[in-house]
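Each remark here refers to the structure printed beneath this line.
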Amino acid sequence: MLGETGPEWTTEEVKTGTTIIAIEFAGGVVLGSDSRVSAGESVVNRVMNKLSPLHDRIYCALSGSAADAQTIAEIVNYQLDVHSIEIGEDPQVRSAATLVRNISYKYKEELSAHLIVAGWDRRDGGQVFATLNGLLTRQPFAIGGSGSSYIYGFVDAEYRKGMTKEECQQFVVNTLALAMNRDGSSGGVAYMVTIDEHSTEEKVILGNDLPTFFDQ
Amino acid sequence: MATLTVTRPPFGGFSFENSKRNAVLEGNASKMGFNLPPARKTGTTICGVVFKDGVVLGADTRATEGMVVADKNCSKIHYISPNIYCCGAGTAADTEMTTQIISSNLELHSLSTGRLPRVATANRMLKQMLFRYQGYIGAALVLGGVDCNGPHLYSIYPHGSTDKLPYVTMGSGSLAAMAVFEDRYKPDMEEEEAKQLVRDAIAAGIFNDLGSGSNIDLCVITKGKVDYIRPHDEANKKGVRTGDYKYKRGTTSVLSKVVTTLDLELVEESVQTMDTS
């Protein structure tokens, strides 16, 4: 008790805890995340935006170790910049996801971060890719982070093919609210990014504006 | 024909083999009955806040070695560039050297670009170095400064993650300091208000955390001006003794006095002046 060990984050690694989700609709994607960064039992940042831009129309959602995830996102951002200058046009979402996957796979023993890559490109429209543990798979929607365990049932039951942009946004917000309620490592505010052909729209939903469920 | 190699190809990066050796040495030393000296940590409360015209950085001044205060008045606010300063918590040597290395590289970079360095650049350099060492460099930093894009404040963790925020605290006293910030922070404060807020946050850390103590140092950075106030507040002045154990001359009476001169020969005389500059 007298030892000056201090708060946990002085010894613990900083993790993003997290709930992240990305979903595709006709013409674009919606990404969502919570904002809590924890180290042990301490919250070190309660407003972190875990939706990180890789390019104008490609974003990635960070989860796992904060340092590993931030570093991967920054490296891929740089590599995509070079790549898009080399090809002379906007990069494909699949290229961005492949770059992330290559790093995740090569250093899979050393890193502990999971990035979900989602965006819009001219060739295939809106796409969502999961890159967990170094695989690369395109999915209609993807969830990740410690809070995702609590919402697998919800997303499996509620997802329908062919949802509109507004329905997707509502789906994302509901999912995040449920996960943030149940997972100790997720919380704060909800960030949402909607990407389509014409624009990339970032939105913050404050804690008391989140949808409430039976126990509130 | 391709040859099959059984040996592991050499990896790039660092070898942490010596960590195992150090663990063995420590085990052997404790078997003999003595401990290796603990690394001097700064314990610490450091914090920073963005106000209307710039940033205010604050730090306590206690450096601890285990449970003993090694330095009552150490300086935890390090120079990075004329417009950027960095507070350091964690292992004292790591924060000192890391900030010096980045300060040196940033000066070269600034000469190469011909521009005043940006806080984001210092942040990138620090985080990339700390990530490379995978958390073994125990430096937790609060980086603040004013550049062409305005005032910026970053917190940088030992594993290499960073957060860009309007107010940050680090160190063993960070929870006490953050409590003060969460209560009283407002965006676009005036300079005096911001200085008072930082002073109170560090004071909370000093009085409620065993690893922090002594005085409060402040550094106010605005466009074109840096105010390094050391100390801003001597929160823990050494008290004055109320009693005196000295006895007055004549308390013990002299009964007799005998003087014997010693026969000494002067062999050599050399004078060495002390450098008091």
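Please read these numbers as outputs of a predicted model, since none were measured by experiment. A, B, ... follow the sequence lines: proteins, then strands. Residue 1 opens every chain. Just the heavy atoms: all of them, side chains too, but no hydrogens, waters or symmetry mates, feed the values below.
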>> Let me confirm one number: the CG-CG distance from A/N49 to B/D163, rounded to the nearest 0.5 Å.
In response: 11.5 Å
Return a table of donor-acceptor pairs under 3.5 angstrom between the side chains of residues 87-106 of chain A and protein atoms on other chains or two or more places apart.
{"unit_1": "A/T98", "atom_1": "OG1", "unit_2": "A/R94", "atom_2": "O", "d": "2.6"}
{"unit_1": "A/N102", "atom_1": "ND2", "unit_2": "A/T98", "atom_2": "O", "d": "3.4"}
{"unit_1": "A/S104", "atom_1": "OG", "unit_2": "A/V100", "atom_2": "O", "d": "3.0"}

> How far does CG of A/L62 sit from OG of B/S161, to the nearest 0.5 angstrom?
Replying inline: 11.0 Å
> Rounded to the nearest 0.5 Å, how far does CZ of A/R46 lie from CG of B/L165?
Replying inline: 9.0 Å
> OG/A/S65 to CZ/B/F131 distance, rounded to the nearest 0.5 angstrom?
Replying inline: 7.0 Å
> Checking A/I75 against chain B: side chain, backbone, both or neither under 4.5 Å from a heavy atom?
Replying inline: neither
> Which answer fits B/K127, side chain, backbone, both or neither, if we ask what part of it has an atom under 4.5 Å from a heavy atom of chain A?
Replying inline: side chain
> What part of B/S155 lies closer than 4.5 angstrom to a heavy atom of chain A: side chain, backbone, both or neither?
Replying inline: neither
> Measuring from A/E110:CD to B/Q134:CD, what's the distance to the nearest 0.5 Å?
Replying inline: 7.5 Å
>> For the NE2 atom of B/H159 and the CG atom of A/D68, what is their distance to the nearest 0.5 Å?
In response: 9.0 Å
